[in-house]
Amino acid sequence: MTDSSEFQNVSLKVPYSDSSIKISFVLVTPELAKKWLKTNVEEQRKLNQGLVNQYASQMKKGLWSCETGESIKFSEKGLIDGQHRLNAIILNDEPIVMMVIEGLKSESITKMDMGKRRNLSDIFKIRGVELPKGLNESVLSSVVSGIYTAKEYMKVSRADSNSLRIDSGSRVKPSPVELYEFLMANPEILDRLSKLSKFKVATTAKSVPLGPTITSWFLCDIINEKVAEDLFKTFEECTPQTEAGRACPSYKLFQMIQRNRVNRVNINKYEYQPMWLWALDLMLRGNSNVGRVSITQSCMPGQGHEGSTELKEYFRNLKTVS
């Protein structure tokens, strides 16, 4: 099945069997990937284009490794594992070294991919990342994902979009490896998150989901630390934090979120940032004469609210793994 782009190989006899398998490292070109995909067995899973895009993004950024033990697998019928990786090679249009295993039984396909995939939280634990006070690996994962998504959102103007979610323009979901490398490349993110030590984060978790709330605070803190603190403490203490009292935009936001929770109305995690920026905008302007929360496109990160320029400049200076 392999060709001249093969580096080296070894043939191993399967224990208690008359069969053997061949293991090799192969420089897989887009052309070779197309050739192998033509042998794809009918029992393969439906192709997930989002996963293909994610793999291709990793390959483009140099984050793909052939030393993980994961392999392209063939049985006597043809390709039984690796279609997403091969399609990613074609999409990235660059050769990648892959481990290849040949000679597997065709029925092996029903026993593959049964394990749990490692996520960003797992990587934090493995790497021993020092967590900001009040955060666990799961919450930090949500926050880093939200910050990365906001960065991608602000790369271009979204004036032509009516969506109030920062993931609306994202075509490729970042992999856990990409998010980890992004955080390591930008230590100032953890530095800013360390400011959460002055809040009662565990108490705040009783009234709002922590991941999107901390991500929203992060954006607001870049613009104005004092107002961002008032916003966070509104959810921490469940009371107004400004002289405007119950008319304060931050408290109006708190009430709206609590009503939705009581009525079992779901708020997508990517909708929190514009809500917080709406409140911050009005508080910076000294406007407390609001009847209800009203989010518009100008509330989206970097799209015209107070501090848009500073916010876009901060995210523009964050390093991107490439």
Once ring-ring contact (aromatic ring centres under 6.0 Å, His included) is applied, do any residues pair with Phe182, and if so which ones, sequence neighbours excluded? Tyr148

Going through the distances and angles, do Ile223 and His305 end up as a side chain to side chain contact (heavy atoms under 4.5 Å, CB included)? CA-CA 10 Å; Ile223 298 171; His305 55 79; 3.7 Å; yes

From the list Gln54, Gln58, Lys61, side-chain hydrogen bond (donor to acceptor under 3.5 Å, both in side chains) with Glu178 holds only for Lys61

Which residue pairs pass the side-chain hydrogen bond (donor to acceptor under 3.5 Å, both in side chains) test when at least one of the two sits in residues 126-146, sequence neighbours left out? none

What's the spacing between Thr29 OG1 and Ile90 CD1 if we round to 0.5 Å? 9.5 Å

Contacts of Gln83 meeting side chain to side chain donor-acceptor pair (under 3.5 Å) (sequence neighbours excluded), chain-then-number -> Asn40

Looking at Asn119 and Pro176, what are the two nearest heavy atoms and their distance? C-CB, 3.9 Å

Atom CE of Met59 and atom CD of Glu94: how far apart are they, to the nearest 0.5 Å? 11.5 Å

Working to the nearest 0.5 Å, report the span between CZ of Phe232 and CG of Leu196. 5.5 Å

For atom NZ of Lys38, is the number of surrounding heavy atoms from other residues, nucleotides or ligands below 6.0 Å larger than 12? no

Value for CG (Asn268) from CG (Leu164), rounded to nearest 0.5 Å, stands at 11.0 Å

Assess the residue pair Phe124 and Val144 against the criterion (side chain to side chain contact (heavy atoms under 4.5 Å, CB included)); give the C-alpha distance rounded to whole Å, side-chain angles, the decisive distance to 0.1 Å, and a yes or no. CA-CA 11 Å; Phe124 287 155; Val144 173; 4.3 Å; yes

Could you go through the side chain to side chain contact (heavy atoms under 4.5 Å, CB included) check for Trp36 and Met98 one step at a time? CA-CA 13 Å; Trp36 285 354; Met98 290 281 179; 5.7 Å; no

Sequence neighbours excluded - salt bridge (charged side-chain N to carboxylate O under 4.0 Å, His left out) pairs with any residue from residues 252-271: none

Quick one: do Ile295 and Met256 end up in the same hydrophobic cluster if we chain Ile, Leu, Val, Met, Phe, Trp and Tyr together by side-chain heavy atoms under 4.5 Å apart? yes

Under the side chain to side chain donor-acceptor pair (under 3.5 Å) test, residues paired with Gln49 that sit two or more places apart: Asn53

Residues forming a side-chain contact (heavy atoms from CB on, under 4.5 Å) with Val97, sequence neighbours excluded: Phe7, Phe25, Leu27, Cys66

All ring-ring contact (aromatic ring centres under 6.0 Å, His included) counterparts of Trp64, not counting sequence neighbours: Tyr55

Would you mind checking if Lys198 and Glu229 are paired as a salt bridge, meaning a charged N to carboxylate O distance below 4.0 Å? yes

Backbone of Thr204 reached by a side-chain donor or acceptor of Lys200 within 3.5 Å: no

Shared hydrophobic cluster for Leu91 and Ile72 (ILVMFWY, side-chain gaps under 4.5 Å): no

Treating Ser71 as the side-chain partner and Lys73 as the backbone partner, does any N or O pair qualify as donor plus acceptor under 3.5 Å? no

OH of Tyr251 to CG of Asp230, rounded to nearest 0.5 Å, is 15.0 Å

Between Ser17 and Ser19 (side chain of the first, backbone of the second, donor and acceptor by atom type, cut-off under 3.5 Å), is there such a pair? yes

Should Leu318 and Leu63 be counted in the same cluster of Ile, Leu, Val, Met, Phe, Trp and Tyr side chains packed under 4.5 Å apart? yes

If the condition is side-chain contact (heavy atoms from CB on, under 4.5 Å), which residues does Pro301 pass it with, not counting sequence neighbours? Tyr153, Met154, Ile166, Leu219, Gln273, Leu277, Leu311

Please determine whether a side-chain nitrogen of the Lys or Arg among Glu31 and Lys34 lies less than 4.0 Å from a carboxylate oxygen of the Asp or Glu. no

Test Ile101 against Ile23 for side chain to side chain contact (heavy atoms under 4.5 Å, CB included), laying out the working first. CA-CA 5 Å; Ile101 298 179; Ile23 303 175; 4.2 Å; yes

Among the clusters formed by ILVMFWY side chains lying less than 4.5 Å apart, do Val129 and Phe218 turn up in the same one? yes

The side-chain contact (heavy atoms from CB on, under 4.5 Å) partners of Ala228 (sequence neighbours excluded) come to Trp217, Cys220, Asp221

Report the residues that fulfil side chain to side chain donor-acceptor pair (under 3.5 Å) with Thr215, sequence neighbours left out, ordered by chain and then residue number. none

Can you tell me how far CG of Leu231 sits from NZ of Lys226, rounded to the nearest 0.5 angstrom? 10.0 Å

Side-chain heavy atoms under 4.5 angstrom apart, residues restricted to Ile, Leu, Val, Met, Phe, Trp, Tyr: same cluster for Leu210 and Tyr270? yes

Side chain to side chain contact (heavy atoms under 4.5 Å, CB included) test vs Phe74 passes for just one of Ile21, Val100, Leu104, namely Val100

Main-chain N/O of Lys319 paired to Asn186 side chain as donor or acceptor, under 3.5 Å: yes

Under the rule for side chain to side chain donor-acceptor pair (under 3.5 Å), what residues qualify as partners of Thr213, not counting sequence neighbours? none

Got a sec, which residues hit side-chain contact (heavy atoms from CB on, under 4.5 Å) with Pro132, two or more places apart in sequence or on another chain? Leu135, Leu140, Leu190, Leu193

